[in-house]
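In what follows, chains carry the letters A, B, and so on, assigned in the order in which the sequence lines appear, proteins first and then strands, with residues in each chain numbered from 1.
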Protein chains: 2
Amino acid sequence: MDFIHQLGPVALGSRLRRISEQLTAEASLIYADYNLAFQPRWYPVFYLVAQQPGLTANEIAERLGHTHAAVSQVVKELVKSELLAAEPSASDQRRRLLHLTARGQTLLPQLQAQTADVRHGIEDLLATAAPHLWSALEALEQHLHQQPLHQRVAAARQRRVSSGEYIRDYTAADQPIFRQLNVEWITRYFALEPADLKALDQPQDYILAPGGCILLAESAGQVVGACALIKLRDEPGYELAKMAVSPAAQGQGLGYRLGQAAVQRARELGATRLYLESNSVLTPALRLYRKLGFRPVANPPASPYARADVFMELFLT
Amino acid sequence: MDFIHQLGPVALGSRLRRISEQLTAEASLIYADYNLAFQPRWYPVFYLVAQQPGLTANEIAERLGHTHAAVSQVVKELVKSELLAAEPSASDQRRRLLHLTARGQTLLPQLQAQTADVRHGIEDLLATAAPHLWSALEALEQHLHQQPLHQRVAAARQRRVSSGEYIRDYTAADQPIFRQLNVEWITRYFALEPADLKALDQPQDYILAPGGCILLAESAGQVVGACALIKLRDEPGYELAKMAVSPAAQGQGLGYRLGQAAVQRARELGATRLYLESNSVLTPALRLYRKLGFRPVANPPASPYARADVFMELFLT
DNA sequence: AAAAACTATGTAAGTACTTACACAAATATA
DNA sequence: TATATTTGTGTAAGTACTTACATAGTTTTT
């Protein structure tokens, strides 16, 4: 379950699918509760015909935003279950006009009562859990319609290719360069400490497994920057750590872009606070952190790093 | 497409499914753009193995929140495509440890670049369209987990059964009672007008088809109240009209509950304003409208009803 | 040490849709 | 009036998962 969170919005489709599957499963339970000889997926077609007898499969499909094939299959089942009946239109022999059978009419009141209950249940759920979800979905669909996702992605690709630089996630093969970039700057100013070695030698165990992530900046096919988000204990937040930019790539705002990406990622992961430890000698880094919005912590906790003498945090709304 | 909107949150599952399908379709387009011999649904498994070589199918399934069967099938395809390879664990002959092949390693950088682009594209989409969608989905899943939907629906059912009253949607079979309830009160105070007959004789054509809806209050199996939401022109709003409660059921707050349901429904339909026309003689009704939040309109438009001399509106946020 | 239970994996079939194709009836075009 | 196109419908097969079942290897119980 944690990987979906790590991927974040990239897995938006999967997430929506999973929730919808969950709701579908719930729907079966609900129908079972009401003891109706009725399948959830019949609902829209049946209800539409109840509202408006004389509709054809094609018209229903259009109203539901499904294909005629889907409706055709459902209608077939509904006719077989003797809930709907069809008769050919007098004016157009191809059209099959649908209406409820006597059995369907008998079922209708129960289905209406159930629908009212479901409506209340979902309204209750949405009101308490996600009051703006419905309108957000509306907006999402509209924007998707206006500019499809693949166009947005193509634009992002364009920007990446023209800038030659992008930020991506760490994978196992990146451990050597992740280590090297950090060792480089740490040993220039300080000595490597045990906590460094743990995180740099086994980032998988010490950073990723506990729910953190590592971002790498790649420029011209080379990894030239890195930073990690390490899960804080007992709070929905992360420590921004192991931030390193290769000397050759410094002074071009890469660190800032990397930092921004980390902040954005933390936001997506549901963080409410970012925390970091640094050293007063590293003035350019401290300036960068300030620029990203970090401020000194009032009562810093004990640090596993001897070199840590500056402690900052950034609250995310 | 309009029926999903009419059903509103009742169709939450369908809506989520449809958006996710749309995103899946977009994903195929994106993969086509990048010319990668790679299927979208392979992505999570492949990426997880890239991050953490040595995982087994079962572990991946757990992390993805899917079944092992799904992962097993994807792994099979990935192995066939020579992107992943598996070797049995030394300590446990059942476990098949997965890792990237040379071909997989070659593909990885391209996939990472593509992922970065997709992330940007979706972040852009969410930022502009639905900034709180991600957290709303998070909250929705949590609440669903805490109290499953069928429990909420069961609670709603309980309330309905114990109160003996509920509010539901109109279907074709309800036309006679819808007409009767309205004719009853109109003729007590006024004369039936042509606009009344249109709406009461063919509610399908004059109310539902243009995107409105009709709510009915049922008590002890009898329809004892009705009201309609009629789509306003050129604005996302509705006219609250044809509100009627049977004399026998009056004085029990039914009108208020019906009105509240109508306001709620209008909200779900994305309305920003409700409008109504009434007559100064109908003091109980006017009191009810006030209680629902309606206020007099400054510059009322021309009305098709001779009896209309009070014009009110309610703005929905 | 044998039996029972559990675990990792794989396969088959189902789900609720889709796309692709087929065919007859209606309409438009020549 | 014959032909081409469009429209309404149905069926088959695919999709990305699921559940159900089967099987072999491992661990626990007796």
Side-chain angles (χ1 to χ4, degrees), chain A residues 4 11 13-29 31 38-46 54-80 84 86-98, chain B residues 4 11 13-29 31 38-46 54-80 84 86-98:
Chain A
I4 291 272
S14 303
R15 182 160 208 179
L16 292 174
R17 183 172 218 280
R18 211 171 58 191
I19 302 178
S20 108
E21 260 164 17
Q22 220 172 320
L23 291 173
T24 307
E26 292 272 12
S28 315
L29 286 175
Y31 276 80
F38 197 85
Q39 304 220 14
R41 77 171 178 292
W42 295 349
Y43 180 82
V45 171
F46 183 79
L55 281 175
T56 67
N58 240 1
E59 288 164 347
I60 293 171
E62 202 179 331
R63 274 186 179 66
L64 295 182
H66 286 168
T67 58
H68 81 272
V71 174
S72 178
Q73 287 162 21
V74 169
V75 165
K76 192 179 165 188
E77 292 173 45
L78 279 164
V79 168
K80 198 176 169 192
L84 287 190
E87 35 181 11
S89 158
S91 60
D92 184 341
Q93 298 262 309
R94 293 167 308 175
R95 295 161 63 90
R96 299 182 61 209
L97 309 182
L98 297 167
Chain B
I4 291 273
S14 302
R15 183 159 208 181
L16 292 175
R17 184 174 218 280
R18 211 171 58 191
I19 302 178
S20 108
E21 260 163 18
Q22 221 171 322
L23 290 173
T24 306
E26 292 272 13
S28 315
L29 286 176
Y31 276 79
F38 196 85
Q39 304 220 14
R41 75 171 179 291
W42 295 349
Y43 181 82
V45 171
F46 183 79
L55 281 175
T56 68
N58 240 1
E59 289 163 347
I60 293 171
E62 202 179 331
R63 273 185 179 66
L64 295 182
H66 286 167
T67 58
H68 81 271
V71 174
S72 178
Q73 287 162 21
V74 169
V75 165
K76 192 178 164 189
E77 292 173 44
L78 279 165
V79 168
K80 198 176 167 193
L84 289 190
E87 34 180 13
S89 157
S91 60
D92 185 342
Q93 297 262 309
R94 293 167 307 176
R95 295 161 63 90
R96 299 181 60 210
L97 309 182
L98 298 166

Nearest-Å distance, [atom1] ([X]) to [atom2] ([N])?
X       : N      : atom1 : atom2 : result
A:Arg17 : D:dT15 : CZ    : P     : 13 Å
B:His66 : D:dT15 : NE2   : P     : 17 Å
A:Arg18 : C:dT15 : CZ    : P     : 23 Å
A:Gln22 : D:dT19 : CD    : C1'   : 17 Å

Kindly point out which of [options] is positioned nearest to the side chain of [X]?
X       : options                : result
A:Gln39 : C:dA26, C:dA16, D:dT9  : C:dA16
A:Ser72 : D:dC17, D:dG10, C:dC6  : D:dG10
A:Arg41 : C:dA12, C:dA16, D:dC17 : C:dA16
A:Asn58 : C:dT9, D:dG8, D:dC17   : D:dG8

Please check the phosphate of [N] (OP1 and OP2 only) for any side-chain N or O of [X] closer than 4.0 Å.
X       : N      : value
B:Lys76 : C:dT9  : no
B:Thr56 : C:dT9  : yes
B:Thr67 : D:dT18 : yes
B:Arg94 : D:dA24 : no
B:Arg96 : C:dT9  : no

- Item | 5' precedence on DNA chain D between A:Glu21 and A:Gln73 (nearest-nucleotide basis) | A:Gln73
- Does B:Asp92 or A:Asp92 map to a spot on DNA chain D nearer the 5' end, using the closest nucleotide for each? A:Asp92
For residues [X] and [Y], determine if any side-chain heavy atom of one lies less than 4.5 Å from a side-chain heavy atom of the other.
X       : Y       : value
B:Leu98 : B:Ile60 : yes
A:Glu87 : A:Arg96 : no
A:Gln73 : A:Arg41 : no

- Establish, yes or no, whether a centroid distance under 6.0 Å links the rings of A:Tyr43 and A:Tyr31. no
- If you find the nucleotide of DNA chain C closest to A:Ala90 and the one closest to A:His68, which residue's nucleotide is nearer the 5' end? A:His68
